[in-house]
Amino acid sequence: MLVSVIMPAYNAEKYIRQAIESVQAQTYQEWELIVVDDASTDNTYTIVNEYCQEDSRIKLLCNSQNQGVSRTRKNGVEAAAGEWIAFLDSDDAWHPEKLEKQLEIQKEHNAKLIFTGSAFMDSEGNPLEWVLHVPKTIGYRQLLKQNLISNSSVLIEKRSYQECAVLADDMHEDFACWLRFLRKGNMAYGIDEPLLIYRLSAQSKSGNKLKAAKMNWKTYRTVGLNSVLAIYYMGWYVAKSILKYKNLV
């Protein structure tokens with residue numbers, strides 16, 4: 001079964017080698033990696049093109065102008081040949097058994113969305129001690145309280161993703177997608193192992209805490225929560241975020 005790995009990249013020369021090589025190191029080898037360069041102005045294109053010459057499973061697409069991460073990710077999904085999609089941001093990395101273990105869960109439960117726990121590294125790649133643990137399953141109302149589905153940890157059926165995807169860079173569009181998927185009555189299946197290594201960066205969309213909170217509010221409103229429910233779940237969001245970032249400091 002072919003897994004299409006989608007990697008948006010913008011000025012990613014510092015980290016993208018580690019991300020690509022973590023895909024190449026997977027114990028499950030039936031994959032294609034689609035890197036979508038969002039009009040980078042550094043050496044991202046040159047670096048990725050080198051990997052393309054050495055590994056035919058790696059493909060490079062280029063946006064003619066900067067489109068933002070959600071549309072760049074969409075361009076990659078549209079080009080994907082696999083029926084299953086995995087996402088990996090260009091500054092993150094995977095444990096070698098990530099895809100293999102997710103596909104085992106997929107077969108066992110006929111799951112359409114599988115995610116994993118996360119380890120963390122700082123901006124220079126130094127590992128941090130804390131691990132984000134995840135439940136074996138998660139439903140709509142539980143996810144509203146805290147987004148435990150890290151985008152770079154996800155394996156999802158391509159059709160299901162396309163039915164629920166949201167295009168917007170002023171909110172957590174991946175969170176909105178998972179909520180729309182779960183609101184249909186689906187379950188997401190978690191693997192409580194740190195198979196994703198997430199890089200903490202102040203420059204990321206969620207690096208600024210106030211900005212992240214505003215984006216979270218817009219996500220709730222976008223998926224249809226009224227103001228009362230949005231306020232209720234923002235309370236959960238703030239409390240969970242404080243605990244999470246306390247562990248990472």
Side-chain angles (χ1 to χ4, degrees), residues 69-70 73 85-89 91-95 97-99 101-106 108-109 111-121 128-157 160-161 164-166 171-201 204-207 209 211-220 222-225 229-230 232-249:
V69 67
S70 63
R73 192 174 287 125
I85 300 293
F87 298 107
L88 179 59
D89 289 343
D91 56 351
D92 295 335
W94 284 345
H95 184 282
E97 294 182 316
K98 190 259 189 189
L99 290 180
K101 290 190 174 186
Q102 287 185 302
L103 289 166
E104 289 174 357
I105 295 296
Q106 190 281 318
E108 180 179 353
H109 298 283
K112 294 182 179 180
L113 194 165
I114 309 99
F115 63 105
T116 79
S118 302
F120 294 85
M121 55 183 164
L128 304 178
E129 291 186 5
W130 188 67
V131 171
L132 175 67
H133 291 281
V134 297
K136 290 184 177 180
T137 60
I138 195 166
Y140 175 68
R141 294 192 181 279
Q142 185 181 359
L143 192 68
L144 282 168
K145 295 179 179 179
Q146 182 184 15
N147 182 15
L148 292 171
I149 304 179
S150 299
N151 187 67
S152 289
S153 81
V154 163
L155 177 70
I156 187 170
E157 182 186 46
S160 293
Y161 176 78
C164 300
V166 175
M171 57 182 253
H172 299 300
E173 83 287 346
D174 54 338
F175 186 22
C177 179
W178 318 146
L179 288 170
R180 292 177 69 180
F181 173 81
L182 296 177
R183 193 169 56 188
K184 295 182 177 184
N186 298 308
M187 295 294 291
Y189 290 80
I191 300 175
D192 191 19
E193 298 179 39
L195 302 180
L196 163 66
I197 304 96
Y198 181 92
R199 190 184 304 272
L200 294 175
S201 171
S204 69
K205 284 173 62 177
S206 56
K209 304 301 182 292
K211 180 180 178 182
K214 291 179 178 178
M215 293 168 65
N216 206 71
W217 172 266
K218 184 161 186 180
T219 302
Y220 286 149
T222 297
V223 298
L225 294 190
L229 282 174
Y232 171 75
Y233 284 110
M234 278 299 296
W236 281 98
Y237 165 82
V238 171
K240 297 283 189 179
S241 295
I242 290 172
L243 289 174
K244 176 180 177 181
Y245 289 107
K246 181 180 179 181
N247 286 312
L248 288 170
V249 172

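Note that these values count all heavy atoms, side chains included, but never hydrogens, waters or copies made by symmetry.
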So, does D92 use its side chain to make a donor-acceptor pair with the main chain of S152 at under 3.5 Å? no
Minimum heavy-atom distance between A230 and W217, given as atom pair plus value: CB-CZ3, 3.4 Å
Just checking, K98 and W94: is the charged tip under 6.0 Å from the six-membered ring centre and within 45° of the axis? yes
First locate atom NZ of K184, then atom OG of S160, and finally report the distance between them rounded to the nearest 0.5 Å. 7.0 Å
Carefully, step by step, assess V154 and I114 under the rule side chain to side chain contact (heavy atoms under 4.5 Å, CB included). CA-CA 6 Å; V154 163; I114 309 99; over 6 Å; no
Relative to each other, are the rings of W130 and F120 parallel, tilted or perpendicular (30° and 60° limits)? parallel
Minimum heavy-atom distance Y140-L225, with the two atoms named: OH-CD2, 3.7 Å
Evaluate side chain to side chain contact (heavy atoms under 4.5 Å, CB included) for H109 paired with T137, printing each intermediate quantity in order. CA-CA 11 Å; H109 298 283; T137 60; over 6 Å; no
First locate atom CZ of R141, then atom CZ of R183, and finally report the distance between them rounded to the nearest 0.5 Å. 11.0 Å
When rounded to the nearest 0.5 angstrom, what distance separates CD in E108 from CG in L103? 12.5 Å
Side chains of T222 and Y220: closer than 4.5 Å at any heavy-atom pair? no
Do the non-hydrogen side-chain atoms of S118 and P194 ever get within less than 4.5 Å of each other? no
Working note: K112 + I156, criterion side chain to side chain contact (heavy atoms under 4.5 Å, CB included); need CA distance, chi angles, decisive distance, verdict. CA-CA 6 Å; K112 294 182 179 180; I156 187 170; 5.6 Å; no
Could you tell me whether a side-chain N or O of H95 sits under 3.5 Å from a main-chain N or O of E97, the two making a donor and an acceptor? yes
For the CZ atom of R73 and the CG atom of D174, what is their distance to the nearest 0.5 Å? 6.5 Å
Would you name the heavy atoms of S153 and Q102 that are closest together and state the gap between them? O-NE2, 2.7 Å
With a 4.5 Å limit on heavy-atom distance, are the side chains of V134 and I191 in contact? no
Are the side chains of F115 and I138 in touch, meaning some heavy atoms are under 4.5 Å apart? yes
Which heavy atom in Y189 sits nearest to a heavy atom in A111, and how many Å separate them? CD1-CB, 3.4 Å
Which heavy atom of D91 sits nearest a heavy atom of R199, and at what distance? O-NE, 2.7 Å
Any Y233 side-chain heavy atom under 4.5 Å of K145 side chain: yes
When you compare the side chain of M121 with that of Y198, does any pair of heavy atoms fall below 4.5 Å? no
Parallel, tilted or perpendicular: rings of H172 and F175 (30°, 60°): tilted
Distance check, rounded to the nearest 0.5 Å: L182 atom CG versus L113 atom CG? 7.0 Å
In Å, rounded to the nearest 0.5 Å, how long is the span from CG of L143 to CG of L179? 5.0 Å
Around K136, counting heavy atoms of other residues, nucleotides and ligands shown, do more than 12 lie under 6.0 Å from its NZ? no
Can you give me the closest heavy-atom contact between N147 and W178, atom names plus distance? OD1-CD1, 3.8 Å
Quick one: does Q142's side chain get under 4.5 Å of P135's, heavy atoms only? yes
Donor-acceptor pair, side chain of Q106 and main chain of L155, under 3.5 angstrom: no
Between Y161 and C177, is there a side-chain heavy-atom distance shorter than 4.5 Å? yes
